[in-house]
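Given the structure is predicted, the values throughout are model-derived calculations rather than measurements.
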Amino acid sequence: MWKKRMFVILALIQLCIFLLIGRLIQIQLVSTETFSKKKVNLIEESVAQRTQEMVIDAGRGTFVDRNGKPLTNEYIPSLVLFPFLKTMNWPMEKLAAILDISPSIIASKLQQAKEPFIFSLGGEPFALTETQMEEINRLHIPGVLAVKKQYPLEKVYAEHLIGFTREDAQLLHSRYPDRHLSPHTEVGIHGLQKAFDEFLIPEGETKLLYHVDAEGRPLFGIDVKYSDPGNPFYPVSVQTTIDRDLQEIVESVVQQHQLKKGGVVLLDIQTNSVLAMVSRPDMDPRDPYKNNAAENQMILPQIPGSVFKTVIAAAAIEKGIVSKERTFDCSKKIDGITPENEHLYGMLSFEESFSVSCNNTFATLGKELVDQDPNIIEQYAQKLGLSPLAGWQGDVYHLTNFRQFPEEKRATIWYDNSDKSVPLAVAQTSIGQKNVRVSPLSVANMMATIARNGEAKQVRAVSKIVYKNGTTLFSFPEQRFSDEDPISPMTAIKLQQLLRKVVTDERGTGRRFQTLPYAVAGKSGTAQTGKTTPQEGELVNKWFAGYFPAESPKYALVVVDLERPSSQAVTNDVFYDIVKRIYEFNEQQKQ
């Protein structure tokens, strides 16, 4: 009996040994880089236990503005000191002389150090000059290095356009199943960070490191190793079309007027590129999805109201159904029967109707146009660059239908085609109500199209991707908006005259902008949202969309205040101050 028991015990012991050997094989040979469900890299972890390091560059690509100014991260020439220096006899006085500080300051910093650190004064990294960097590195002191270290910018520029990243091991693996990436690698979640993630994903970190024993003393001497991916082409820079100075102007004006929901789009008319974009509400970087703040309202469809009358005007001009002699009864509502209680304008011409934004005029014209051609409204929305998507899209290497604005949503003109046979539905659609939804980006694109005499283009936010060595990886050319025939130059000129009259007419809805240093052309819009609150009553979308200078268009600008009481909307204040501030900025640049 005891022999049988002994045999069982020995068998169990042997089984345990085999299991232990199998586990060791798994740890040391099989799953060294993907151990457990968490995909732990055991090699990295073992090295980390006996290594102190300083990450100089996380390796992810960065964003810059059109002039090369950083938008997300910057590189600051910095001094790195290693803690083993406090046990050595080294020429601290020479380093202090280069920095023009007392050696006691360096000694004090070292005395407190347990890990490699960036030398700082007053909590900020001590920014070295290029000359200081060269002089420090010429000293060849082990543990003293001058490097250009990557830092996130304190100020976040165009946060909704640029987007954000985060660690997400599952998403990382699903996007890049064939790449060996650390589970701590950040991936793009929103905005340009998401759109360009495949180009931005790091090849590896750049870092300084040395090996230590359990008490933090050098294990293999005092040589500090410089570790980098060794690729002269990466990380890349994504050169956006943003102008950082103009972005700052727009952000400060929006902040000054406390625009709560909505935002601003500013385009360069010549290249049809985004110069500035602001969306509200603000994002909390710790919880970007709070209050839906991660949504970029500038690329999401909104109810446009009277801004949409520009589309009806373009179609009416080209189809020849308006003339100088024809007048419209602007004392009536869109059914042509019910008296208009708010504005009793009486009989107005087409041009006057546009400047005061008479609803009945455009309801009447819309019904006549749809009677001629049921698809005419959406056709002219496309001709003007308003629908269905405004953002740049095309093939980029193996990426088909690459979109610079991945979260941009398609415009809607009709929800149900049967509405085209319902006069009231056509009338409501013609004044930008009913089911009409277009993004502020698309509206800015329409204004830029008109200002360019009818040439519709896709909107760019990025002009090119640049390798680390400065050469171009890929350029995003200006592209036609669609294959749809554009409006004629003559129609565009007539639209320009209409948009200008909105400002110059004493009854025009844009007359406030007459006093601006730049002549403005544009269209206002007040859209009913169907939403109310007990405290504030009916909520509207308040728009002003236009371009300037009117005589030689350079900028297209759209401001929208979403879901606000009409009396509290700050749309016109924001538009006015942005134009004024841009004028002042340009005058300063000339000096």
* Does NZ or CZ of Lys523 lie under 6.0 Å from the centre of the six-membered ring of Phe354, at an angle within 45° of the ring axis? -> yes
* Asked: Between Thr472 and Gln239, does a side chain to side chain contact (heavy atoms under 4.5 Å, CB included) hold up when you go through it step by step?
  -> CA-CA 10 Å; Thr472 299; Gln239 184 161 3; over 6 Å; no
* **Reported CG-to-CD1 distance for the pair Asp329 and Ile337, which is rounded to 0.5 angstrom** => 11.5 Å
* **Donor-acceptor pair between Tyr176 and Asp197 side chains, under 3.5 angstrom** => yes
* Could you point out which residue of Ser353, Ser331, Cys330 forms a side-chain contact (heavy atoms from CB on, under 4.5 Å) with Tyr345? => Cys330
* Think Lys580 forms a cation-pi with Tyr583, using NZ or CZ under 6.0 Å from the six-ring centre and within 45 degrees of its axis? -> no
* Asked: Do the ring centers of Phe476 and Phe196 come within less than 6.0 Å of each other?
  -> yes
* Asked: Does atom CZ of Phe585 have more than 12 heavy-atom neighbours from other groups under 6.0 Å away?
  -> yes
* To do: Determine whether Val436 and Pro304 make a side-chain contact, defined as any pair of heavy atoms from C-beta on separated by less than 4.5 Å.
  => yes
* Side-chain ion pair, Lys542 and Asp561, N-O less than 4.0 Å -> no
* For side chain to side chain donor-acceptor pair (under 3.5 Å), just list the numbers for Gln496 and Asn453, CA-CA rounded to whole Å, side-chain angles, deciding distance to a tenth of an Å, and then say yes or no. => CA-CA 8 Å; Gln496 292 168 10; Asn453 295 326; 2.8 Å; yes
* Rounded to the nearest 0.5 Å, how far does CD1 of Ile377 lie from OG of Ser387? -> 11.5 Å
* Asked: About how many Å separate CD of Gln479 and CD of Gln393, when rounded to the nearest 0.5 Å?
  -> 8.5 Å
* **Check: Phe308 and Gln433 side chains under 4.5 Å, non-hydrogen atoms** => no
* Does the side chain of His160 come within less than 4.5 Å of Met298's, by heavy atoms? -> no
* Structure fact -> For Gly522 and Val502 the tightest heavy-atom approach is O-CB, 3.2 Å
* To do: Please check if any side-chain donor atom of Ser357 sits under 3.5 Å from a side-chain acceptor atom of Ser306, or the reverse.
  => yes
* Nearest heavy-atom pair of Ala313 and Leu495: which atoms, and what distance? -> CB-CD2, 4.0 Å
* Side chain of Arg500, backbone of Val520: donor and acceptor closer than 3.5 Å? -> yes
* Pair Tyr518 and Tyr547, ring centroids less than 6.0 Å apart -> no
* Residue pair Phe481, Thr449: steps toward the side chain to side chain contact (heavy atoms under 4.5 Å, CB included) verdict -> CA-CA 10 Å; Phe481 183 76; Thr449 299; over 6 Å; no
* Asked: Charged N to carboxylate O under 4.0 angstrom, Glu536 versus Lys260?
  -> no
* Could you check if a side-chain atom of Val560 sits within less than 4.5 angstrom of a side-chain atom of Gln302, using non-hydrogen atoms only? => no
* **Asn586 atom CG, neighbour heavy-atom count above 12 within 6.0 Å** => yes
* **Close side-chain approach of Cys358 to Lys309, heavy-atom, < 4.5 Å** => no
* **Over 12 foreign heavy atoms within 6.0 Å of CD, Glu584** => yes
* Charged tip of Lys155 within 45° of Tyr157 ring normal and under 6.0 Å -> yes
* Asked: What are the two closest non-hydrogen atoms of Ser355 and Lys501, and how far apart are they?
  -> CB-O, 3.8 Å
* Flag side-chain contact, heavy atom, 4.5 Å: Ile201 against Glu198 -> no
* Go through the steps for Phe513 and Phe548 under the test ring pair (Phe, Tyr, Trp, His ring centres under 6.0 Å), then give the verdict. => CA-CA 11 Å; Phe513 306 124; Phe548 61 94; over 10 Å; no
* **Polar contact flag, side-chain donor to acceptor under 3.5 angstrom, Ser488-Glu318** => yes
* **Glu251 versus Gln247, side-chain donor and acceptor atoms under 3.5 Å** => yes
* For Pro406 and Ala195, which heavy atoms make the closest approach, and how far apart are they? -> CD-CB, 3.7 Å
* Hey, would you say the His257 and Tyr576 ring centroids sit under 6.0 Å apart? -> no
Could you give the side-chain donor-acceptor pairs of residues 266-277 under 3.5 Å, partners two or more places apart or in another chain?
residue	atom	partner	partner atom	Å
Asp268	OD1	Gln270	N	3.2
Asp268	OD1	Thr271	N	2.9
Asp268	OD1	Thr271	OG1	3.0
Thr271	OG1	Ser273	OG	3.0
Asn272	OD1	Arg452	NH1	2.8
Asn272	OD1	Arg452	NH2	3.3
Asn272	ND2	Asn445	OD1	2.9
Asn272	ND2	Lys457	O	3.1
Asn272	ND2	Gln458	O	3.1
Ser273	OG	Thr271	O	3.3
Ser273	OG	Arg460	NE	3.4
Ser273	OG	Arg460	NH2	3.2

* To do: Drop me the distance from Tyr380's OH to Thr491's OG1, to the nearest 0.5 angstrom.
  => 7.0 Å
* Can you tell me how far CD1 of Ile317 sits from CE of Met490, rounded to the nearest 0.5 angstrom? -> 11.0 Å
* Which atoms form the tightest heavy-atom contact between Met447 and Ala556, and what is the distance? -> CB-CB, 4.4 Å
* Asked: Hey, is the main chain of Phe402 close enough, under 3.5 Å, to the side chain of Trp392 for a donor-acceptor pair?
  -> no
* Asked: Considering residues, nucleotides and ligands other than Gln589, do more than 12 of their heavy atoms fall under 6.0 Å from its CD?
  -> yes
* Output yes when a side-chain donor or acceptor of Gln514 lies under 3.5 Å from a complementary backbone atom of Val503, and no otherwise. => yes
* **Test item: Ser279 side-chain N/O and Gln297 main-chain N/O as donor-acceptor pair under 3.5 Å** => yes
* Would you please indicate if the ring centroids of Phe474 and Phe199 are separated by under 6.0 Å? => no
* Dump the intermediate steps for side chain to side chain contact (heavy atoms under 4.5 Å, CB included) on Thr165 and Leu200, then the final yes or no. => CA-CA 11 Å; Thr165 63; Leu200 299 168; over 6 Å; no
* Between Asp573, Asp577, Val579, which is the residue that forms a side-chain contact (heavy atoms from CB on, under 4.5 Å) with Phe575? -> Val579
* Within a strict 4.5 Å, meaning less than it, do heavy atoms of the Lys420 and Glu378 side chains meet? -> yes
* Is there a side-chain contact between Asn541 and Glu563, using heavy atoms and a 4.5 Å cut-off? -> yes
* Asked: What's the spacing between Leu171 CG and Arg166 CZ if we round to 0.5 Å?
  -> 7.5 Å
* Please report the C-alpha distance between Leu348 and Thr361 in whole Å, then the side-chain angles of each, then the deciding distance to 0.1 Å, and finally whether the side chain to side chain contact (heavy atoms under 4.5 Å, CB included) criterion is met. => CA-CA 9 Å; Leu348 296 180; Thr361 299; 5.7 Å; no
* Minimum heavy-atom separation for Ala461 to Phe405, with atom names? -> CB-CZ, 3.6 Å
